[in-house]
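Below, chains carry the letters A, B, ... as their sequence lines are ordered, and counting in each starts from 1.
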2 protein chains.
Amino acid sequence: MQLNQALTILKDEGYKYTEKREDILSFFNKEDGYRTASDLLSFLSKKYEGISYDTIYRNLHLFSELNILESTELDGEKHFRLACGHEEHHHHFICKSCGKTKAIKSCPMNLLNIDFNGYLIENHKFEIYGLCPNCN
Amino acid sequence: MQLNQALTILKDEGYKYTEKREDILSFFNKEDGYRTASDLLSFLSKKYEGISYDTIYRNLHLFSELNILESTELDGEKHFRLACGHEEHHHHFICKSCGKTKAIKSCPMNLLNIDFNGYLIENHKFEIYGLCPNCN
DNA sequence: ACATTTTATCGTAATGATTACGATTTGTAA
DNA sequence: TTACAAATCGTAATCATTACGATAAAATGT
């Protein structure tokens, strides 16, 4: 996802354009991998002394709702990354060292042949963890 | 996994047999699904007034290391269940309402055909969430 | 059975991530 | 430029989890 694309979504949905929001998006754009609220706080604190937790978390949640960010939970902490450009449903390999990802286009839900008669399937999670070539 | 089987593991590994440990195991045995530390605390508090967090978490971690329990993280909270023991590597459908599970025997790692050249694959997570027939 | 040793537990405080909220500031549109 | 809604600040509260010195209890050897 491009930065201006994300800012357009914000504007179209009636949310305000702020410098902090632009900086949050540019942070995720340059980082190119899963990052925590704490990572973002450190980054923004350099420019905005005394930035509030409220701002960090409110925007992370807002961006997630707007599908600008996608998130996953690793080691008891939520991690966020810019939503992938390609629109189709997909999964990720996630590097445990640098947080960068590799898309997995095929989904196990299509490959499995299980009888879920009587069950209501809501969602699923498939992630592969390890080290990317750079960190390996 | 059977209770006496778990208690045998404890004994063989040199850990002490305590009534609390037996109660913890019988709790997971009767519950038959993923439960939190808080669930366990509520249960044990009925019998042991003033039971310590230390006891709860120390035993949950110990049992996980000994493969008596298996765990997963759901909604920011660790959940535990009796290990499926003897069975092969597998995954789970997990009911978001009652925590009960249904085993998925096939593993997506065998079904996918992805080039991970240069990557180090350490582990993976595949879970399906929804409602079981009882809760649906 | 008793003493010794080792492990388990208690009581409670600390930590880390996240959420909450009244007061204040700021973007936006009229 | 004014008015209003949204965003942010400052800070405290909450929730899950970890930590640790003091005490209790189980296992072991005599």
Side-chain angles (χ1 to χ4, degrees), chain A residues 4 6-27 34-66 68-69 71-81 99, chain B residues 4 6-27 34-66 68-69 71-81 99:
Chain A
N4 51 2
L7 288 169
T8 300
I9 293 174
L10 273 180
K11 189 168 190 177
D12 289 355
E13 298 284 335
Y15 293 100
K16 292 184 176 167
Y17 169 91
T18 67
E19 195 176 359
K20 291 194 183 68
R21 286 189 170 156
E22 188 182 22
D23 288 341
I24 290 171
L25 292 170
S26 79
F27 168 74
Y34 277 108
R35 295 291 177 269
T36 64
S38 165
D39 293 336
L40 177 59
L41 181 64
S42 301
F43 174 77
L44 291 178
S45 289
K46 286 182 285 185
K47 186 170 174 183
Y48 307 98
E49 194 182 356
I51 189 167
S52 171
Y53 282 109
D54 197 90
T55 303
I56 302 290
Y57 283 104
R58 185 170 23 73
N59 283 309
L60 287 175
H61 292 160
L62 173 64
F63 291 169
S64 295
E65 273 171 31
L66 296 176
I68 293 170
L69 294 179
S71 69
T72 190
E73 202 164 322
L74 300 171
D75 304 322
E77 201 173 355
K78 266 179 205 129
H79 288 60
F80 300 85
R81 54 158 292 153
Chain B
N4 52 2
L7 289 170
T8 300
I9 294 174
L10 274 179
K11 187 167 192 179
D12 289 354
E13 299 283 336
Y15 294 99
K16 291 182 178 168
Y17 169 90
T18 67
E19 195 176 358
K20 291 194 183 69
R21 287 190 168 153
E22 188 181 19
D23 287 342
I24 290 171
L25 292 171
S26 80
F27 169 74
Y34 277 107
R35 294 291 178 268
T36 65
S38 166
D39 293 335
L40 178 58
L41 180 65
S42 301
F43 174 76
L44 290 179
S45 290
K46 285 183 282 185
K47 184 168 173 184
Y48 307 99
E49 194 181 356
I51 188 167
S52 171
Y53 282 108
D54 197 274
T55 303
I56 302 290
Y57 284 104
R58 186 171 21 75
N59 283 310
L60 287 174
H61 293 159
L62 173 64
F63 291 168
S64 295
E65 275 170 31
L66 297 177
I68 291 170
L69 293 179
S71 69
T72 190
E73 205 164 320
L74 299 171
D75 305 321
E77 200 172 355
K78 268 179 205 131
H79 288 60
F80 300 84
R81 55 157 290 155

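C/dT26 atom C1' lies 16 Å from atom CG of A/L10, rounded to whole Å. Rounded to a whole Å, the CG atom of B/L41 is 14 Å from the P atom of D/dC15. Nucleotide D/dT18 holds its P atom 11 Å from the CG atom of A/D75, rounded to whole Å. Computed from coordinates, the B/E77 CD to C/dT18 C1' distance equals 13 Å when rounded to whole Å. Regarding A/E73, its CD atom lies at a distance of 13 Å from the P atom of C/dA17, rounded to whole Å. A straight line from CZ of A/R21 to P of C/dG27 spans 11 Å, rounded to a whole angstrom. At whole-Å resolution of the value, CD in A/E19 and P in D/dA6 are 22 Å apart. Atom OH in A/Y48 sits roughly 18 Å away from atom C1' in D/dG10 (whole-Å rounding).
In this model, the phosphate group of C/dT7 is not approached by any side-chain N or O of B/T18 to a distance below 4.0 Å at OP1 or OP2. Between A/Y57 and C/dT19, a side-chain N or O to OP1/OP2 separation shorter than 4.0 Å is absent. In this model, the phosphate group of C/dT18 is not approached by any side-chain N or O of A/H61 to a distance below 4.0 Å at OP1 or OP2.
When each of C/dC10, C/dT28, D/dT17 is scored by its nearest atom to the side-chain atoms of A/Y17, the top-ranked nucleotide is C/dT28. Closest to the side chain of A/D54, from the set D/dT17, D/dA26, C/dC21, is C/dC21. Comparing D/dC9, C/dC10, C/dT18 by their nearest atom to the side chain of B/K20 picks out C/dC10.
Here the closest heavy-atom approach between residue A/I56 and residue A/A37 is recorded as CG2-O, 3.8 Å.
At a threshold of 4.0 angstrom between heavy atoms, the contacts of B/R58 include nucleobase atoms, whether or not backbone atoms are also involved. Across all strands shown, B/Y53 has heavy atoms under 4.0 Å from base atoms, whether or not it also approaches the sugar-phosphate.
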B/L10 vs B/E13, side-chain contact (heavy atoms from CB on, under 4.5 Å): CA-CA, chis, key distance, verdict: CA-CA 5 Å; B/L10 274 179; B/E13 299 283 336; over 6 Å; no

Please evaluate residues B/F27 and B/D39 with respect to the criterion side-chain contact (heavy atoms from CB on, under 4.5 Å), reporting the C-alpha separation (whole Å), side-chain torsions for both, the decisive distance (0.1 Å), and the verdict. CA-CA 10 Å; B/F27 169 74; B/D39 293 335; 4.1 Å; yes

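Map B/K16 and B/T55 each onto its nearest nucleotide of DNA chain C; the residue landing nearer the 5' end is B/K16.
Using the six-membered ring where Trp is involved, B/F80 and B/H61 have ring planes that are tilted, between 30° and 60° apart.
Contact of the A/K78 side chain with the A/L60 side chain is not registered, since no non-hydrogen atoms from C-beta on lie closer than 4.5 Å.
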